[in-house]
Amino acid sequence: MSRTGRLAVFLLIIAAVGGGWFAYDKGMLPFVASKSQTEGDAAKRTGNPALPVIAEYASIMEEKTVVEAVGTGRSTLGVSIYPAVSGEVDDVLFHAGENVSRGQVLLILDSDRERLARDLASVQVKDAKQLLDRYEQARPLGAVSASEVDAARTALAEARIRLDQAEVDLADRTILAPFNGTVGIPQVEPGDRVDSSSLIATLDNVESVLVDFEVPETRFDNVKIGQSLRVETWSLPGEWFEGTVDSIASRIDAESRTFKVRARIPNPTGRLLSGMSFAVYVDIEGKTYPSVPEISVLWGDGGTYIWRIKDDKVERVPVRVVKRTQGRILLEGPIAKGDLIVVEGVLRLRPGRDVAATIRGGDETGVAQRNGTGEGS
């Protein structure tokens with residue numbers, strides 16, 4: 001190489017070295033790889049970086065089915081009041097909707113004849129007793145025979161029976177409340193002629209209400225006396241009332257394939273009335289199953305499955321869906337309470353893939369933080 005060529009190469013080397021130091025002084029470091037580049041290269045070399053996912057612990061739930069039915073309510077004690085005898089209404093002593101007590105007078109029929117008959121029977125009893133007393137005093141003296149004394153005793157007994165009958169006839173002219181309750185609209189007025197078929201009024205005790213409804217034959221073994229239930233009525237929308245099963249029929253109706261059930265609903269405020277229609281909901285408890293969020297269950301060629309996290313890796317677990325309830329799914333499969341289940345971020349998962357899980361809701365005991373108890377069937 002000529003002297004001129006060697007000089008040119010020397011000048012190029014000097015320029016390159018100077019440019020490098022200039023870059024170093026300015027903080028550019030063109031020859032040093034950045035930290036992000038290093039981590040990216042490392043991730044490419046490993047080929048399996050941890051994927052971020054959201055997970056939740058599996059919980060245990062009961063398979064709760066709700067049997068729904070329509071029922072009709074009636075008062076625990078409820079009667080239609082009729083007079084025992086015929087007669088003319090003398091006075092009506094109650095008003096519609098009034099709360100009455102047992103034994104309170106509701107209605108009086110004319111009773112002049114019955115009062116006279118009672119007074120006459122009372123006089124006859126008095127005379128018969130006086131005659132018997134005289135005979136008993138004279139018997140030791142031999143003035144009367146034993147048979148005459150016996151006849152006097154019989155006459156006194158008969159007079160007393162007639163008096164008792166007169167008292168009953170007079171009492172039948174007064175109609176009393178048979179129990180505490182609320183009386184309905186009067187169906188008669190003073191001056192009306194009534195007989196034993198004439199309705200006076202209705203009387204209901206609604207401290208509790210009985211609701212009769214029918215349940216399918218398939219649930220005969222699930223409904224028990226004392227079991228809790230809830231009802232609502234279209235007359236009071238939005239209000240719920242709690243009660244219990246009071247009695248169950250002993251047979252299945254051959255035509256409808258249902259059996260009758262009677263519920264008792266406490267009614268301390270008296271807002272529920274006899275004759276109201278009710279929607280009845282009976283909770284039927286079933287088996288317990290693992291429960292996971294609905295969005296964690298996936299469908300594939302082999303059926304349904306979920307992703308479970310174990311030692312920061314995911315595994316695919318086949319399951320069978322039992323029931324959906326309030327955003328959660330009850331499953332059959334090898335899932336235990338407290339298993340960590342992937343909820344979001346499932347699209348890129350493969351068996352054995354490393355994951356970095358963010359856990360939401362619940363805790364490691366598998367007690368899910370949720371609201372509600374189940375939905376109807």
Side-chain angles (χ1 to χ4, degrees), residues 61-81 94-102 177-186 201-249 253 256 258-286 291 294 323-328 330 367-377:
M61 289 180 61
E62 290 183 340
E63 181 193 11
K64 183 175 291 186
T65 303
V66 179
V67 174
E68 301 181 13
V70 175
T72 301
R74 66 180 186 83
S75 55
T76 304
L77 293 174
V79 295
S80 296
I81 301 176
F94 67 93
H95 302 282
E98 180 182 353
N99 292 324
V100 297
S101 303
R102 179 178 179 178
F179 51 81
N180 298 341
T182 304
V183 70
I185 299 174
T202 58
L203 179 65
D204 293 286
N205 184 315
V206 290
E207 292 179 358
S208 60
V209 174
L210 300 178
V211 179
D212 293 335
F213 60 98
E214 295 184 351
V215 176
E217 174 187 1
T218 54
R219 294 296 182 181
F220 186 79
D221 197 42
N222 299 123
V223 180
K224 307 294 182 183
I225 293 178
Q227 185 172 353
S228 62
L229 51 79
R230 59 192 184 280
V231 301
E232 63 176 339
T233 174
W234 291 272
S235 303
L236 301 171
E239 293 191 45
W240 291 90
F241 302 87
E242 303 291 333
T244 57
V245 175
D246 187 69
S247 55
I248 301 173
D253 186 272
S256 64
T258 61
F259 62 97
K260 292 184 178 180
V261 179
R262 175 169 294 169
R264 183 181 296 271
I265 313 298
N267 185 34
T269 61
R271 302 192 68 199
L272 302 180
L273 302 178
S274 180
M276 279 184 172
S277 56
F278 292 88
V280 185
Y281 302 89
V282 185
D283 293 329
I284 305 298
E285 303 294 343
S291 166
E294 189 171 8
K323 184 180 180 180
R324 292 179 175 84
T325 173
Q326 295 186 341
R328 299 187 70 82
L330 276 60
V367 180
Q369 296 175 352
R370 56 188 179 83
N371 296 320
T373 57
E375 63 182 18
S377 58

From [atom1] ([X]) to [atom2] ([Y]), nearest 0.5 Å:
X	Y	atom1	atom2	answer
Asp212	Lys260	CG	NZ	7.5 Å
Trp240	Tyr281	CH2	OH	4.5 Å
Phe259	Arg219	CZ	CZ	10.0 Å
Glu242	Leu229	CD	CG	8.0 Å
Thr244	Ile265	OG1	CD1	7.0 Å
Leu77	Asp204	CG	CG	9.0 Å

Self-check item: All side chain to side chain donor-acceptor pair (under 3.5 Å) counterparts of Asp253, not counting sequence neighbours
Solution: Ser256
Exercise. Could you list the residues that satisfy side chain to side chain donor-acceptor pair (under 3.5 Å) with Thr233, not counting sequence neighbours?
Key: none
Quiz item: Taking atom CD of Glu207 as the centre, does the number of heavy atoms from other residues, nucleotides or ligands within less than 6.0 Å exceed 12?
Solution: no
What I'd like to find out is whether the side chain of [X] reaches to under 4.5 Å of the side chain of [Y], using heavy atoms alone.
X	Y	result
Val206	Leu272	no
Phe213	Val282	yes
Val211	Val280	yes

Quiz prompt | Any pair counted as side chain to side chain donor-acceptor pair (under 3.5 Å), so long as it reaches residues 267-278, sequence neighbours left out | solution = Glu239-Arg271
Quiz item: Step by step, would you call Val223 with Ile284 a side chain to side chain contact (heavy atoms under 4.5 Å, CB included)?
Solution: CA-CA 7 Å; Val223 180; Ile284 305 298; 4.3 Å; yes
Expected output: side-chain [X] to main-chain [Y] donor-acceptor under 3.5 Å:
X	Y	value
Asn180	Arg102	yes
Gln227	Asp283	yes
Thr76	Ser208	yes

Please give me the minimum heavy-atom distance between [X] and [Y], naming the atom from each residue.
X	Y	result
Pro216	Val67	CD-CG1, 4.4 Å
Pro186	Phe94	CG-CE1, 3.4 Å
Ala201	Val183	CB-CG2, 4.0 Å
Ser75	Gly78	OG-CA, 3.3 Å
Ala177	Leu203	CB-CD2, 4.3 Å
Arg74	Val209	O-CG1, 3.5 Å

